There are 2 protein chains.
Amino acid sequence: MISKKTKYALIALGYLAEHSTGEPILISELAKEGNIPKKFLEAILVALRKGGVLKSKIGKGGGYMLALPPASITIGKVVSILEGGFALVECLNDNVKAVCEECGDPACCGIRLVMSDVKQAIDSVLGSTTLADMVERSDNARQKKSKIMDFSI
Amino acid sequence: MISKKTKYALIALGYLAEHSTGEPILISELAKEGNIPKKFLEAILVALRKGGVLKSKIGKGGGYMLALPPASITIGKVVSILEGGFALVECLNDNVKAVCEECGDPACCGIRLVMSDVKQAIDSVLGSTTLADMVERSDNARQKKSKIMDFSI
DNA sequence: ACCAATCTCTATAGACTTGGTAGGTTTTTG
DNA sequence: CAAAAACCTACCAAGTCTATAGAGATTGGT
């Protein structure tokens, strides 16, 4: 299960992707529009900035902007920043090079072998889906729906 | 990250798959061989039994056996029993039909659309990998390694 | 009938994680 | 300098995860 942190991050990033005009957007606006507790969002945005996905401007007239075009920000990157990757067992974590206590020999651990496959499947999806894709799919679904509504009137 | 519960379950099931002679195997043996706290394992085995993966025999001479051949038990089944499925957002959970508070309209939620893809990728791997596969791959890796060792002597 | 070996159930406790809050600090604009 | 903003540190409540304890139920052998 992805954490609320990640969900909030994706909501905020989605909003930024759709409403960026070059001008920075306030935390307060992101919090209000995304229905996200402001203080909680603050921490999330800082993490995203440190992760290179956002840039900020301090002081009056400041706020947050995407550091890259939406098509260059993968969902995988966001998840990786906020959850430290999507590892399924310690020994498959990106950053940490820990070995699970359970599997004496990582190379021969059946669980590890299976989970490695799963991880690859996840990474493949998350690594190839961008913020732009996410927003676009959401828009498409909304349009499709409103079309159906039109018919029914 | 899969929980220790699931990891222990897979270890125990792997052991059962490799050592089943028709005779039930004791919790104590599974705990000892798998390096698993016995009492903790107890609860796990009960869950697996209720999930239809194991069957047990109570009383003297009792113990646990696989309820199905290893090739008929998917890793996905095990994960599903112990973690309630591998959902990534509430609204994609197998059992529960909850809607995330965040996405007013599930059909149009970009996050949901993306995570649905991820879930499908995960389920596809976990649903097509069986206990037998896991054990076999582990054995193969071990044999390969021991062969290399032989050469180096 | 009894005893020992087993699984089964309920309750509990400590550590850790998650979601969220509070309050003060620094930076920038005008 | 004052106001607007992001930034930082610390904290807390609630829940989850891992693990343990102990009593109860079932069976097989004698």
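Predicted model, so just to flag it, every value in this text is computed and none were measured. Quick note on labels: first sequence line is chain A, next is B, and so on, each numbered from 1.
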S.K.: To the nearest Å, how far apart are L30(B) CG and dT6(C) C1'?
M.R.: 13 Å

S.K.: How long is the line joining CZ of F40(A) and P of dT17(C), in whole Å?
M.R.: 15 Å

S.K.: Return the value, rounded to whole Å, for the distance between atom CD1 of I36(A) and atom C1' of dG20(C).
M.R.: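 Atom-to-atom, I36(A) to dG20(C), this comes out as 13 Å.
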
S.K.: Take atom CD1 of I25(A) and atom C1' of dA4(D), then tell me their distance rounded to the nearest Å.
M.R.: 17 Å

S.K.: L66(B) versus L54(B): any side-chain heavy-atom pair under 4.5 Å?
M.R.: yes

S.K.: Is the distance from OP1 or OP2 of dT6(C) to the nearest side-chain N or O of Y64(B) less than 4.0 Å?
M.R.: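 It does not, given that no N or O in the side chain of Y64(B) lies less than 4.0 Å from OP1 or OP2 of dT6(C).
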
S.K.: Ignoring hydrogens and angles, does a donor from either the side chain of E42(B) or the base of dC7(C) sit under 3.5 Å from an acceptor on the other?
M.R.: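 There is none.
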
S.K.: Does a salt bridge link E29(B) with K32(B), judged by any charged N lying under 4.0 Å from a carboxylate O?
M.R.: no

S.K.: Can you measure I44(B) atom CD1 to dC9(C) atom C1' for me and round it to whole angstrom units?
M.R.: 16 Å

S.K.: 5'-most contact on DNA chain D: S3(B) or I58(A), nearest heavy atom basis?
M.R.: I58(A)

S.K.: So which heavy atom on K57(A) is nearest to which on M65(A), and how close?
M.R.: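 So the minimum-distance heavy-atom pair works out to CB-CE, 4.4 Å.
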
S.K.: Taking the nucleotide of DNA chain D with the closest heavy atom to each, which residue, T6(B) or G62(A), is nearer the 5' end?
M.R.: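 Residue closer to the 5' terminus by nearest nucleotide: G62(A).
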
S.K.: Just to confirm, is there a sub-4.0 Å distance from OP1 or OP2 of dA5(D) to any side-chain nitrogen or oxygen of S56(A)?
M.R.: no

S.K.: More 5' along DNA chain C: K57(A) or K38(A), using each one's nearest nucleotide?
M.R.: K38(A)

S.K.: In terms of side-chain geometry, is the basic nitrogen of D117(A) or R137(B) positioned less than 4.0 Å from the acidic oxygen of its partner?
M.R.: yes

S.K.: Under 3.5 Å, is there any donor-acceptor pair linking the side chain of K39(A) to the base of dG19(C)?
M.R.: no

S.K.: Are R49(B) and dC7(C) close enough that a side-chain N or O sits under 4.0 Å from OP1 or OP2?
M.R.: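 Checking R49(B) against dC7(C): no side-chain N or O falls below 4.0 Å of OP1 or OP2.
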
S.K.: Rounded to whole angstrom units, what separation is found between the NZ atom of K4(B) and the P atom of dT17(C)?
M.R.: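 Atom NZ in K4(B) sits about 12 Å away from atom P in dT17(C).
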
S.K.: Does the side chain of Y8(A) get closer than 4.0 angstrom to OP1 or OP2 of dG19(C) through an N or O atom?
M.R.: no

S.K.: To the nearest Å, give me how far apart CG (L41(B)) and C1' (dC7(C)) are.
M.R.: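 In whole Å, dC7(C) C1' lies 12 Å from L41(B) CG.
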
S.K.: Nearest nucleotide by nearest heavy atom, which residue falls closer to the 5' end of DNA chain C, G59(A) or K5(A)?
M.R.: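 This one resolves to K5(A).
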
S.K.: Which part of the nucleic acid does L26(B) contact within heavy-atom distance under 4.0 Å: base, sugar-phosphate only, or nothing?
M.R.: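 If one applies the 4.0 Å heavy-atom cut-off, L26(B) turns out to touch the sugar-phosphate alone, with no base involved.
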
S.K.: Using atom NZ of K60(A) as one end and atom P of dT27(C) as the other, report the distance to the nearest whole Å.
M.R.: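 Rounded to the whole Å, the gap is 18 Å.
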
S.K.: Do the charged groups of K144(A) and D139(A) touch, with an N to O distance under 4.0 Å?
M.R.: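 The answer is no: the pair does not qualify as a salt bridge.
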
